[in-house]
Trainee: 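I have a structure I would like to understand better, so I am pasting it below and will then ask my questions one at a time.
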Amino acid sequence: MQTISQKALRALLYEVSASPKPGLVDRFNQGAHTDMDFFTFIDSSAALSNYFSYCVVEGVKYSGKNPEELFQSLRALGINAEKVMFDATDGVNTHKGLIFSLGVICAAASCSMMESESENVDIEIICEKVSLMTKGLCLRELIFLNKSNGLTYGEKLFLKYGMRGIRGEVESGFATVRNYSLPVLRKLKSLKLFHINDILVQVLLHLMAVNKDTNIVARHDLKTLEYVQRYAQQVLDLGGMLTPKGMEMVFEMDKEFIGRNISPGGSADLLAVTVMLDLLLEGLPFSGSSIQRNCVV
Ligand SMILES: CC(C)(COP(=O)(O)OP(=O)(O)OC[C@H]1O[C@@H](n2cnc3c(N)ncnc32)[C@H](O[C@H]2O[C@H](COP(=O)(O)OP(=O)(O)OP(=O)(O)O)[C@@H](O)[C@H]2O)[C@@H]1O)[C@@H](O)C(=O)NCCC(=O)NCCS
Ligand SMILES: Nc1ncnc2[nH]cnc12
């Protein structure tokens, strides 16, 4: 059995390995990116493995009553992890979104497991903890935003379109993942009919059909986001990765996204989050009521 941080690393590696992912870096090509490839993601993933352990430790140590304090304790770790990522990739942003999302999940999972003294913590409880930890984040960092320059893409897009990006997704306890992608992943795995690669790409298509991906809007506009969502739904209607015709369309979509410089990076992130929550559902190496803290990490 694996520890929480090993699962986080596995989620990163599964996400980048799933191929073909339209417009994204995968084993077949660089997608709509010129500055990074599959190996950049391997370098970035390896560099981040310690960071996930540190986040798990914060969750294990935390015994207070206000989960927002636990989130605050992660912030410095997250900022440092972004530096570690940029060092490993020569300044390319591979995993900024996942440093944030998986860091919060690692801490929420270990904290919830310590509280319940059980390895079998419901995903709903972990996501509820994520939501409590990040409560008020959109209000503080977007709605009451009081800086006028040096804005991140996420902040600019909130001001322009009211999009809440990754902050909205974590504050909702990963509603998009719980409502759409995780049920698809679990159902397809349980059928035992398809290869994990094809299942992951299929899950990505489901995410692309619904996710309000700020990454697409940052490079383009809302019309392009709608185009991506419609296109993903059309491919799913043909069976997506699970039928020969659908699979052909996925390769076609990849070519088209590369040509139009479209990269659904936010949906790629939610694919990794989906894998992580699924791996957490498998349980962790605890032993009865005496929790072996080092096993969780
Ligand atoms: C809190 C922050 C992480 C917020 O950052 P920001 O204000 O920039 O907010 P967002 O734009 O909302 O999101 C940041 C990244 O999250 C991913 N993302 C976006 N939308 C969604 C969504 N709907 N669901 C899930 N995830 C989403 C996305 O990451 C992916 O894209 C990255 C590539 O981005 P970028 O380089 O900008 O784009 P390119 O098009 O490739 O660039 P060009 O080639 O055009 O130049 C890639 O990393 C994917 O992962 C968003 O980028 C942050 O500001 C913050 O506070 N950081 C500190 C860390 C911290 O506090 N951690 C806490 C400890 S847990
Ligand atoms: N595979 C991928 N390609 C491009 N951007 C990403 N962000 C997260 N995963 C990604």
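All ligand and atom numbering here is 1-based and tracks the order in the structure.
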Trainee: I want to check a possible cation-pi pair here: R167 against F158, using under 6.0 Å from ring centre and within 45° of the ring axis as the test.
Mentor: no
Trainee: Are any of the N/O atoms in N215 less than 3.5 Å from those in ligand 1?
Mentor: yes
Trainee: Report yes if D213 has an N/O atom closer than 3.5 Å to an N/O atom of ligand 1; otherwise report no.
Mentor: no
Trainee: May I ask you to check if ligand 2 and V25 share an N or O to N or O distance below 3.5 Å?
Mentor: yes
Trainee: Which one holds for K212 and ligand 1: side chain close, backbone close, both close, or neither close, with close meaning a heavy atom under 4.0 Å?
Mentor: backbone
Trainee: Any nitrogen or oxygen of R219, side chain or backbone, less than 3.5 Å from one on ligand 1?
Mentor: yes
Trainee: Between E15 and ligand 2, is there a nitrogen or oxygen pair with a distance under 3.5 Å?
Mentor: yes
Trainee: Could you tell me, atom by atom, which parts of ligand 1 come under 4.0 Å of a heavy atom of Y153?
Mentor: 37 (O)
Trainee: Using heavy atoms and a 4.0 Å limit, tell me yes or no: is M163 in contact with ligand 1?
Mentor: no
Trainee: Between the side chains of T40 and D43, is a donor N or O closer than 3.5 angstrom to an acceptor N or O?
Mentor: no
Trainee: Hey, is K223 close enough to E226 for a salt bridge, meaning N to O under 4.0 Å?
Mentor: no
Trainee: Identify the closest protein heavy atom to atom 16 (O) of ligand 1: which residue and atom is it, and at what distance?
Mentor: G97 CA, 3.4 Å
Trainee: Could you tell me whether F71 and ligand 1 have an N or O pair separated by under 3.5 Å?
Mentor: no
Trainee: Check K21 with E15, please: is the shortest side-chain N to carboxylate O separation under 4.0 Å?
Mentor: yes
Trainee: Quick one: which ligand 2 atoms are inside 4.0 Å of a heavy atom on H33?
Mentor: 4 (C), 5 (N)
Trainee: I want to know if ligand 1 touches D269 in the polar sense, i.e. an N/O pair below 3.5 angstrom.
Mentor: yes
Trainee: Taking 4.0 angstrom as the limit and counting only heavy atoms of L270, give me the atoms of ligand 1 inside it, by number and element.
Mentor: 24 (N), 25 (C)
Trainee: Would you call E115-K129 a salt bridge at under 4.0 Å N-O?
Mentor: yes
Trainee: Within ligand 1, which atoms have a heavy atom of I99 less than 4.0 Å away?
Mentor: 65 (S)
Trainee: By number and element, which atoms of ligand 1 are closer than 4.0 Å to a non-hydrogen atom of R167?
Mentor: 4 (C), 6 (P), 7 (O), 9 (O)
Trainee: Any atoms of ligand 1 less than 4.0 Å from a non-hydrogen atom of Y51? List them with their elements.
Mentor: 64 (C), 65 (S)
Trainee: Does the side chain of T176 pick up a donor-acceptor pair with the side chain of N211 at under 3.5 Å?
Mentor: no
Trainee: For ligand 1, which atoms have a heavy atom of H95 less than 4.0 angstrom away?
Mentor: 48 (O)
Trainee: Does H95 approach ligand 2 within less than 4.0 angstrom via side chain, backbone, both or neither, non-hydrogen atoms only?
Mentor: neither
Trainee: Under 30°, 30 to 60°, or over 60°: which ring-plane class applies to F28 and F251, parallel, tilted or perpendicular?
Mentor: parallel
Trainee: Check each atom of ligand 2 against the heavy atoms of A268 and keep those under 4.0 Å away; list them by number with element.
Mentor: 8 (C), 9 (N), 10 (C)
Trainee: Taking a cutoff of less than 4.0 Å between a non-hydrogen atom of the residue and any ligand atom, is T94 in contact with ligand 2?
Mentor: yes
Trainee: Which protein non-hydrogen atom lies closest to atom 8 (C) of ligand 2, naming both residue and atom, and how far is it?
Mentor: D269 OD1, 3.2 Å
Trainee: For E256 and Y227, which I'm curious about, is there any donor-acceptor pair between the side chains at under 3.5 Å?
Mentor: yes
Trainee: Which atoms of ligand 1 have any heavy atom of T152 under 4.0 Å away?
Mentor: 6 (P), 7 (O), 8 (O)
Trainee: Under a 3.5 Å cutoff, is there a donor and acceptor pairing between the side chains of D237 and Q233?
Mentor: yes
Trainee: State whether R178 and E124 are salt-bridged, where the test is any N-O pair (Lys NZ or Arg NE/NH1/NH2 against Asp/Glu carboxylate O) under 4.0 Å.
Mentor: yes
Trainee: Looking only at heavy atoms, is any part of L77 under 4.0 Å from ligand 1, and if so is it the side chain, the backbone, or both, or is it neither?
Mentor: neither
Trainee: Side chains of T224 and D221: donor-acceptor distance under 3.5 Å anywhere?
Mentor: yes
Trainee: Please identify which atoms of ligand 1 are closer than 4.0 Å to at least one heavy atom of V104.
Mentor: 65 (S)
Trainee: Compute whether any side-chain donor of one residue and acceptor of the other, for S181 and H206, lie under 3.5 angstrom apart.
Mentor: no
Trainee: Report yes or no: does S44 contribute a side-chain atom to a donor-acceptor pair with the main-chain N or O of F41 at less than 3.5 Å?
Mentor: no
